[in-house]
Amino acid sequence: MKILKTLIAVFFLLFIFSDKTVYAMHITEGILPTEWVITWFAVSVPFLAIGIYKVKRKKKAVHSYLPLAGMLGAAVFVFSCFPIPVVALNGMATSHPCGTGMSAILLGPFVSVLVAGIALLIQALFLAHGGLTTLGGNIFSMGILGSFSGFFAFKIAQRCGMSLFWCGFFAGVISDLFTYLGTSIELGLLVVKNGGSFFRATAEIFGVFMMTSQGVLCVVEGVVVGFIMVFVYKKRPDILQQLGIKTNAKSV
Amino acid sequence: MGFLHHTFTDRFAQRDNWLTRIDVRVKLIYVVSLLAINLWAKNVSVSLSFLFLSFAFLLTIKISPLVMVKNMALPMLFAVMMLVVKGLHEGENEWVSFSVAGYVMALKKEGLCSGLQTGGKILGGVSLVVLFALTTTISQLNAGLKWLRMPNTVLELMSFMYRYIFQLLDEVSAIWYAQRARLGHASWLKTIKSFGVLGGMLIIRAVERAERTSEAMYARGYKGGCILTCHLKPLGRNEYICFSGIVFLLPLLLYAGNIKIW
């Protein structure tokens, strides 16, 4: 339980003392022990492999698919650099969105995992956010959980007949929530070795995430993704059609 | 512009010096092996030696330690937090205690040791990654990954993403300034709406650019396949010497990493 308290205290202090930009979804280099490094890489590899297969298949069918996926990947990377202002415990802080919900809507969940993996590699190397040994863990939380939850949230919202704004909103919110849940699970699993309770640790770390700026960020990212979807639909509806996103004109 | 400060540059990797001249395959093998040692080592001095060596190597190529510190700011904060919080919460034997506003805080020996171990691993690992990133361009990295049998699709996608991140950042930066100048960020709600418009424009421009790029590439005869702008020379004597260097270095590091200090 001491480890659990330690982890919670680390996150809490980090959020309180960081008054500029908050980066919380990346697990930094050196935090995960070897067994978990291997486990998270093993979990992520099948998803990446399917993502590669899907890109290859689409590339054969549509010549322009690869530049499109690369460009949208770059756009989502840039989107994830937006300094979104969030009112949090530490006053007016800025945090950056995950962007995986949006990339899952635009590219599909498996390709989104691949794009997130590449984005995380670039971030780990050139921004020192995350790490190379924690890449598998970060792909699991941001790429896999973020993309699939965002994608299914969008689809379910569409089935429920919601407007495009709300579909985008739920995709943004749910993908963020699942990303933080994934990070909490990964950190929560670390206390099991020391006899701590996994569920309690995960719940408490997730609680700290939500109580600080990240809880607000989830909602803000949802609103921004909703606005983006509506803006693209109004200005260039053909883009959404080209990407295979079904829209109902009445519901926007 | 705020968010551009968090982005990156490869201007150091474009310079000509002894570290950028080292073959990317050698650098990749070293970084991966040393990261594995860093994770496994029970002795914090191994991780800290990686940190000091990385700083020393960068000094030899005239990269200011401030650049390294700036790159490592967040991991450093994590490492210090780990040290302090573990010191306060873990262990029984009190090392030093002090009073803050009537609240007695005691740093424990075991907690400090454990915090130093974790913090050392963070700093050692990140410093190795930063050293690699500051001396390797993305084209070299792609060529190295290709040598390691990374699928072409991943390399192509990574090349595209990296190539256009900078252009899209420039475009977003221009729109962001324009929005700000026209009171688009006057209130919190307006800021969020402006971000929606900015994100939407980003998607539209990315798709338009993708269409133009694919047409231009098709016109130049591109039919798919890996786009490498950097080709690796066959492994030479220097590279084999470097590879054999790690064969001698690894057992030493494994031995040193196995010695428990506490």
Side-chain angles (χ1 to χ4, degrees), chain A residues 2 5-6 9-10 13-14 18 21 23 28-31 33-34 37 52 55-56 59 63-64 66-75 77-79 81-85 94 96 106 114-115 118-119 121-122 124-129 131-133 220 223-224 226-228 231-232 235-236 239, chain B residues 2-3 6-8 10 35 38-40 71-72 74-75 77-78 81-82 85-86 89-90 118 121-122 124-126 129-130 132-133 141 151 153-154 156-162 164-165 168-169 172 188 191-193 195-197 199-200 202-204 206-207 209-211 213-214 217-218 224:
Chain A
K2 282 173 184 168
K5 280 180 187 169
T6 303
V10 165
L13 287 171
L14 190 65
S18 59
T21 303
Y23 299 98
T28 197
E29 185 71 58
I31 294 268
T34 317
V37 168
I52 293 168
V55 173
K56 265 187 182 174
K59 198 171 77 173
H63 266 302
S64 62
L66 198 89
L68 183 69
M71 215 71 80
L72 284 173
F77 185 98
V78 173
F79 171 66
C81 294
F82 282 14
I84 289 188
T94 63
H96 72 107
L106 299 172
L114 181 61
V115 165
I118 294 170
L121 177 66
I122 294 174
L125 283 172
F126 299 102
L127 295 168
H129 296 163
L132 293 185
T133 58
V220 176
V223 175
V224 174
F227 279 137
I228 290 174
F231 183 83
V232 175
K235 299 288 170 191
R236 287 284 306 273
I239 288 178
Chain B
F3 61 88
H6 309 300
T7 57
F8 47 90
D10 62 352
L35 281 175
N38 181 56
L39 269 193
W40 169 85
N71 270 292
M72 291 178 63
L74 194 75
L77 183 68
F78 259 116
M81 286 290 182
M82 279 285 178
V85 177
K86 280 199 170 192
H89 290 280
E90 276 186 26
T118 314
K121 279 181 194 291
I122 295 172
V126 173
V129 174
V130 170
F132 178 77
L141 175 69
T153 311
V154 177
E156 278 180 279
L157 211 50
M158 188 150 83
S159 307
F160 267 114
M161 278 178 68
Y162 188 82
Y164 287 100
I165 282 170
L168 292 175
L169 272 173
V172 163
W188 186 82
T191 308
I192 299 303
K193 274 188 178 174
F195 273 132
V197 173
L202 186 65
I203 299 298
I204 291 172
V207 173
R209 199 179 285 276
E211 284 164 358
T213 307
S214 70
M217 288 172 77
Y218 193 69

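So that the names make sense, note that chain A is the first sequence line, chain B the second, and so on, each numbered from 1.
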Identify the two heavy atoms, one from B:Leu202 and one from A:Phe79, that lie closest to each other, and give their separation to 0.1 Å.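 Shortest heavy-atom separation between B:Leu202 and A:Phe79 comes out as CD2-N, 3.9 Å.
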
Considering all heavy atoms of both residues, which atom of B:Ile192 and which atom of A:Phe227 are nearest to each other, and what is their separation? O-CD1, 4.1 Å

Among A:Ala74, A:Gly226, A:Ala128, the residue with the most heavy-atom pairs under 4.5 Å to chain B is A:Ala74

Which of the residues A:Val55, A:Leu68, A:Ile228 is involved in the greatest number of heavy-atom pairs with chain B at under 4.5 angstrom? A:Ile228

Could you measure the distance from the [atom1] atom of [X] to the [atom2] atom of [Y]? Nearest 0.5 Å is fine.
| X | Y | atom1 | atom2 | value |
| --- | --- | --- | --- | --- |
| A:Phe126 | B:Ile165 | CZ | CD1 | 9.5 Å |
| A:Leu66 | B:Leu157 | CG | CG | 5.5 Å |
| B:Leu35 | A:Leu132 | CG | CG | 6.0 Å |
| B:Thr213 | A:Met71 | OG1 | CE | 3.5 Å |
| A:Leu121 | B:Met158 | CG | CE | 5.5 Å |

Looking only at heavy atoms and a cut-off of under 4.5 Å, which of [options] has the most pairs with chain A?
| options | value |
| --- | --- |
| B:Ser159, B:Gly200, B:Ser214 | B:Gly200 |
| B:Met161, B:Met72, B:Glu211 | B:Met161 |
| B:Gly199, B:Gly124, B:Pro151 | B:Gly199 |
| B:Val130, B:Asn71, B:Val129, B:Leu141 | B:Val129 |

Can you list the steps and then say if B:Ile203 with A:Arg236 is a side-chain contact (heavy atoms from CB on, under 4.5 Å)? CA-CA 10 Å; B:Ile203 299 298; A:Arg236 287 284 306 273; over 6 Å; no

Heavy-atom check, side chain of [X] versus side chain of [Y], under 4.5 Å:
| X | Y | value |
| --- | --- | --- |
| A:Thr28 | B:Leu74 | no |
| A:Ile118 | B:Phe160 | no |
| A:Phe77 | B:Leu168 | no |

Give, as side chain, backbone, both or neither, the part of [X] having an atom under 4.5 angstrom from any heavy atom of chain B.
| X | result |
| --- | --- |
| A:Ala119 | both |
| A:Ile239 | side chain |
| A:Leu114 | side chain |
| A:Val115 | both |

Using non-hydrogen atoms only, which part of B:Phe132 is less than 4.5 Å away from chain A: side chain, backbone, both, or neither?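 For B:Phe132, side-chain heavy atoms alone lie under 4.5 Å from chain A.
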
